[in-house]
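Sequence lines set the chain letters: A, B, ... in the order given, protein chains first and strands last, and positions in each chain run from 1. What's counted below: heavy atoms across the whole structure, side chains too, no hydrogens, waters or symmetry copies.
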There are 2 protein chains.
Amino acid sequence: MTTEEQSTPENNILNAAKEIFQKKGMAAARMQEIADEAGINKAMLHYYYRSKELLFEAVFKSAFSMLAPQLNEIMNADTTIFEKIRNFSSNYISFVLKHPYLPNFIIQELNRNPEFVKNLIAEKNFPNISKFKLQVNEKVAEGIIRPITAEQLFINIMSLNIFPFIGAPLLKGFLNFDDEAYKKLMEKRKTEVSDFIINAVKI
Amino acid sequence: MTTEEQSTPENNILNAAKEIFQKKGMAAARMQEIADEAGINKAMLHYYYRSKELLFEAVFKSAFSMLAPQLNEIMNADTTIFEKIRNFSSNYISFVLKHPYLPNFIIQELNRNPEFVKNLIAEKNFPNISKFKLQVNEKVAEGIIRPITAEQLFINIMSLNIFPFIGAPLLKGFLNFDDEAYKKLMEKRKTEVSDFIINAVKI
DNA sequence: ACATTTGTCAACCATTTGGTTAAACTAAAT
DNA sequence: ATTTAGTTTAACCAAATGGTTGACAAATGT
């Protein structure tokens with residue numbers, strides 16, 4: 001049994017809400033539009049999820065929980081740093097190519113309401129960087145990688161993997177690439193990003 | 001004479017609108033709030049800028065025109081690639097530390113309305129990558145930098161400089177940093193980012 | 001001095017929007 | 001058959017919102 005999704009009204013609504021919220025953001029999304037997408041009456045939204053705010057929270061947490069495991073992987077897996085970087089880059093890019101609105105949705109709403117992060121941290125499975133930090137410091141001490149703090153390296157890994165999706169409209173414009181060409185570029189990044197990072201830190 | 005800003009009603013409104021639009025985004029921003037911020041009657045907004053949509057466009061173009069010159073610099077300056085990367089990283093991070101809402105605002109609204117990019121491309125001063133491309137290809141051919149396409153390198157430079165600001169709330173959460181500590185991290189990135197990139201490409 | 005344009009405002013308006021209600025429907029339990 | 005609990009809907013509501021109007025003041029030109 002895999003993580004198959006039951007077809008309950010709650011799930012039906014949640015999926016419709018995901019679609020709309022992720023495309024338009026909290027403020028621009030309309031309850032009526034979500035109801036239409038779900039093929040139900042608007043009152044049902046309030047019956048199952050009391051308010052727009054609560055429905056949004058459910059969507060947000062569900063979206064975030066799809067990303068958290070991948071971040072935990074890079075933090076806590078029992079592999080070398082280089083393997084972690086390779087795995088994360090490849091897996092993350094594959095994942096986002098399937099869910100293109102997700103990263104922007106998360107980032108956008110966290111910027112709108114930064115206190116929301118505290119909420120997420122309280123959840124179990126919130127990624128913890130401490131193990132990754134030890135590992136980086138160790139490898140720096142051993143002279144295997146150039147001196148760099150774990151924080152900066154972590155930010156760099158996240159930046160190189162996430163930004164190309166969030167900034168896609170802008171980057172497509174600069175590069176004069178259409179959707180097709182840009183997607184090919186992203187495919188290549190599955191390996192190029194990790195090569196880039198590893199070249200940057202390897203001595 | 002520098003680019004001093006005249007205190008016309010138009011400018012007054014535009015600045016107030018920038019403040020509100022950048023903090024909340026188009027959909028969540030309220031015309032009344034912009035009027036309050038500008039210290040004028042709501043009807044004045046419509047007198048000077050016919051509609052919310054047009055006021056937003058004015059704000060967006062003004063915001064984008066603050067970033068474009070810096071991008072042109074990395075594309076077209078008469079310096080070596082390494083100097084360009086160093087200059088851009090340092091200048092861009094300094095700039096954004098002063099205007100923290102700007103990058104997220106641009107990215108967020110371009111994602112909301114991707115066709116907007118076509119509008120921007122038509123403007124003069126829209127950054128053009130062709131010169132940078134030639135330069136990268138040349139240096140790769142000369143064996144000075146590792147084989148990489150100009151597009152991928154460009155995306156990497158943009159990602160490493162821009163994402164740490166857009167993703168700040170999330171990254172602060174992961175790293176468990178407060179605003180103060182995070183800002184210090186960004187200060188350090190003025191040089192660390194370019195070192196990282198140069199290490200990644202230099203042979 | 002007078003007329004005309006330009007700027008400013010409080011009050012108003014039509015529409016949209018999140019949310020509620022009361023009644024109707026369904027299906028299982030008694 | 002009747003009760004009961006859960007589900008669904010159309011109609012409704014109050015508040016918020018972008019936008020307008022008409023009266024009035026302040027410049028501006030003649």
Taking the six-membered ring where the residue is Trp, are the ring centres of B:F56 and B:F21 under 6.0 Å apart?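 Close enough - the centres of the two rings lie under 6.0 Å apart.
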Salt bridge present between A:D78 and A:K131 (N-O < 4.0 angstrom):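 Counted as a salt bridge, because a side-chain N and a carboxylate O are separated by less than 4.0 Å.
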Is any side-chain N of the basic residue among A:E187 and A:K183 closer than 4.0 Å to the acidic one's carboxylate O?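 So A:E187 does not pair with A:K183 through a salt bridge.
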Given atom [atom1] of [X] and atom [atom2] of [N], what is their separation to the nearest angstrom?
| X | N | atom1 | atom2 | answer |
| --- | --- | --- | --- | --- |
| A:D36 | C:dG18 | CG | C1' | 15 Å |
| B:I40 | D:dA25 | CD1 | P | 20 Å |
| A:M44 | C:dG18 | CE | P | 18 Å |

How would nucleotides 18-24 of chain D be written as a contact map, 5' to 3', with B for base contact, S for sugar-phosphate-only contact and - for no contact, using protein heavy atoms under 4.0 Å? BBBB---
Using the ring pair (Phe, Tyr, Trp, His ring centres under 6.0 Å) rule, take A:Y101 and A:F105 through it: C-alpha gap first, then chi angles, then the decisive distance, then the call. CA-CA 6 Å; A:Y101 291 115; A:F105 173 68; 9.7 Å; no
How would you label the contact of B:Y49 with the nucleic acid (heavy atoms, under 4.0 Å): base, sugar-phosphate, or nothing?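 Answer is nothing: B:Y49 stays at 4.0 Å or more from every strand.
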Quick one: pull up CZ in B:F196 and OG1 in B:T191 and give me the separation to the nearest 0.5 Å.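 Here the interatomic distance stands at 13.5 Å.
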Any donor-acceptor N or O pair under 3.5 Å, side chains B:K190, B:S89: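 No, because no side-chain N or O of B:K190 sits under 3.5 Å from a partner of the opposite role on B:S89.
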Using only heavy-atom distances, determine whether the side chains of A:Q32 and A:D36 contain a donor-acceptor pair under 3.5 Å.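 Side-chain D/A pair, A:Q32 to A:D36: present.
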Proximity to DNA chain C (any heavy atom under 4.0 Å), residues of residues 8-19 of chain A only: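 The stretch gives none, as no residue of it lies under 4.0 Å from the strand.
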Distance check: side-chain N/O of A:Y47 vs OP1/OP2 of C:dT20, anything under 4.0 Å?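 Answer is no, no contact under 4.0 Å.
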In chain order, what residues pass the ring-ring contact (aromatic ring centres under 6.0 Å, His included) check against B:F64, with sequence neighbours excluded?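 Scan of B:F64 (ring-ring contact (aromatic ring centres under 6.0 Å, His included), adjacent residues dropped) gives none.
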